[in-house]
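So you know, we letter chains A, B, ... as the sequences are listed, proteins then strands, and number each from 1. The figures here come from the full heavy-atom set of this structure, side chains too, leaving out hydrogens, waters and symmetry mates.
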Protein chains: 2
Amino acid sequence: MTETVVKRRRGAALEDAILDAAWSELEARGYSDFTFQAVADRAGTSRAVLYRRWPTKASIASAAIVRHLKLNPIKVPDLGNFRDEMCLLLRRFADRAPPRLLGLIFEMSQDMAAEGTSFMDDRFQDFPMKDVLERALSRGDVDKDRLTPRVVRLPFSLVMHEVVITVKQISDMAIAEIVDQTFLPLVTTPR
Amino acid sequence: MTETVVKRRRGAALEDAILDAAWSELEARGYSDFTFQAVADRAGTSRAVLYRRWPTKASIASAAIVRHLKLNPIKVPDLGNFRDEMCLLLRRFADRAPPRLLGLIFEMSQDMAAEGTSFMDDRFQDFPMKDVLERALSRGDVDKDRLTPRVVRLPFSLVMHEVVITVKQISDMAIAEIVDQTFLPLVTTPR
DNA sequence: ACGCCAAGGGCCAGAACGTCTCTTAAATCA
DNA sequence: TGATTTAAGAGACGTTCTGGCCCTTGGCGT
């Protein structure tokens, strides 16, 4: 017989347990089958407790995602050159979530839009693009004038797009293509 | 009182009517509120008839989308220059399906991956990119060597990504940015 | 003209929803 | 420490959609 001490959790401890359960549900079933019921069951609590904190499916799912991103930060060390750092960054970015999970973002975007948020939000942009760019700027590898927000987002958009469309892990070759054929030509100073 | 003749439809006529109803539902309520019930009601038929043809929500929705795309082909006339034609092409591409429907593409891609196809397939590249590019090549507006498949796909990937993430109609300004900041610099011959 | 297939309607149990009530454990404060 | 407040957790509720399964009745083919 297992220890069935009726430990009643509260506050942050409870919230973390719920978000962990939510993440597990997302991993296991995906967003369209994501349900308050299942999260509550898995977390060993009741739906009322969830509704008290998150009004909608999308809000609890995105909270779970944000938590997961925080717990799995991407680190890109100084490799001495911009290109390799970008490839590594994109590799880590793609590896952090399997294709099915990246698809979540698109399934969720409709609900999120209804709530006035979007995955463009800063809280989802936790990858260390800033650091990589700063190093590249200080090395003179990139042209500051060319770093418009749209161009900076470009490689991530393309990686996500490819992963979601093919529903396969993206290859190193594809990442190299994105970097060499599109991103680098756009941001490196023309000779 | 409207004409309520009990005309019983069959085969293709019925199927088209259902897919039209499905499309209307998608337009009116979006995919997350998309339901067999509502489609059957709107089409004036029963759910059993739908289940007989499409096993899942996603399959009927994607069938409705594919039908809509077929019924609304994109035409881009010769505007005399590559840039304007690209902007128009992307505009039409984005306008053809409302934002909340584009997200479906990604759910569809999961099913399609299971069947070994993908939206990268040529049959989904029905928009007249080929024509536009050929005109551009004959005018000397673009450099043939730079037209790798990845670069050609780029503007569409970016438009889709933006539309899906923001769940808003993309602005002409954003399209112009994509063309001017990313696509044109990549494909036009450097002076 | 007749037989057969499928359209269309209705019924069912099951799942999840969103909202409640109630109890009781845990935190807060006197 | 004991009293008071807060909220966790359990459960009940009516509703909606699901995915089946019936049954009838209309239309098409032989």
Side-chain angles (χ1 to χ4, degrees), chain A residues 2-64 104 107-108 110-112 114-115, chain B residues 2-64 67 100 104 107 110-111:
Chain A
T2 56
E3 184 99 9
T4 50
V5 187
V6 211
K7 240 331 200 218
R8 184 174 285 190
R9 299 153 300 182
R10 292 191 159 237
L14 175 62
E15 204 155 310
D16 286 350
I18 292 172
L19 290 182
D20 286 345
W23 177 257
S24 302
E25 277 298 313
L26 285 173
E27 266 191 320
R29 311 248 177 96
Y31 183 68
S32 36
D33 293 335
F34 183 75
T35 172
F36 275 79
Q37 203 96 275
V39 174
D41 291 349
R42 190 187 280 262
T45 182
S46 70
R47 275 173 302 138
V49 175
L50 307 200
Y51 281 114
R52 205 170 287 143
R53 293 178 160 73
W54 302 278
T56 65
K57 242 173 79 145
S59 63
I60 184 170
S62 55
L104 278 188
E107 286 184 52
M108 288 181 61
Q110 189 170 332
D111 290 341
M112 295 188 57
E115 298 170 18
Chain B
T2 57
E3 184 98 8
T4 49
V5 187
V6 211
K7 214 37 168 180
R8 183 174 284 189
R9 300 152 298 181
R10 292 187 160 242
L14 175 60
E15 203 155 311
D16 286 350
I18 292 172
L19 290 181
D20 285 345
W23 176 258
S24 302
E25 276 298 313
L26 285 170
E27 266 191 319
R29 304 237 243 269
Y31 184 68
S32 37
D33 294 336
F34 184 74
T35 168
F36 275 80
Q37 204 96 276
V39 175
D41 291 349
R42 189 187 280 260
T45 183
S46 70
R47 277 174 302 133
V49 176
L50 307 200
Y51 282 116
R52 204 171 289 142
R53 293 177 162 73
W54 302 277
T56 64
K57 242 173 77 145
S59 65
I60 184 169
S62 58
R67 176 174 152 79
R100 53 153 157 255
L104 260 192
E107 278 188 56
Q110 305 213 357
D111 298 342

May I ask you to list the residues of residues 13-35 of chain A, by number, that have any heavy atom positioned under 4.0 Å from an atom of DNA chain C?
-> T35(A)
In whole Å, I'd like the distance from the [atom1] atom of [X] to the [atom2] atom of [N].
X	N	atom1	atom2	answer
D111(A)	dC17(C)	CG	P	12 Å
F36(A)	dC17(C)	CZ	C1'	9 Å
Q37(A)	dG11(D)	CD	P	12 Å
L50(A)	dC20(C)	CG	P	17 Å

Looking just at side-chain N and O atoms, do E115(A) and S59(A) make a donor-acceptor pair shorter than 3.5 Å?
-> no
Rounded to the nearest 0.5 Å, what separation is found between the OG1 atom of T35(B) and the CZ atom of R42(B)?
-> 12.0 Å
Nearest 0.5 Å, what's the CG-CE distance between L26(A) and M108(A)?
-> 7.5 Å
Indicate yes or no: at least one non-hydrogen side-chain atom of Q37(A) is less than 4.5 angstrom from one of L50(A).
-> no
Heavy-atom distance under 4.5 Å between the side chains of F34(A) and L104(A), does that happen here?
-> no
Please state whether the phosphate of dA7(C), meaning OP1 or OP2, lies under 4.0 angstrom from any side-chain nitrogen or oxygen of T45(B).
-> no
Select one nucleotide: of dG9(D), dT18(D), dG8(C), the one nearest the side-chain heavy atoms of R47(B).
-> dT18(D)
Cationic tip of K57(A) above Y31(A) ring, under 6.0 Å, 45° of axis | yes
Give, ordered by number, those residues of residues 51-61 of chain A having at least one heavy-atom distance below 4.0 Å to an atom of DNA chain D; if nothing qualifies, reply none.
-> R52(A), R53(A)
Classify the nucleic acid contact of A48(A) as base, sugar-phosphate or nothing, counting any heavy atom under 4.0 Å across all strands shown.
-> base
Of all residues at least two apart in sequence or in a different chain, which pass the ring pair (Phe, Tyr, Trp, His ring centres under 6.0 Å) check with W54(A)?
-> none
Closest non-hydrogen contact found for I60(A) with V39(A) is CD1-CG1, 4.3 Å
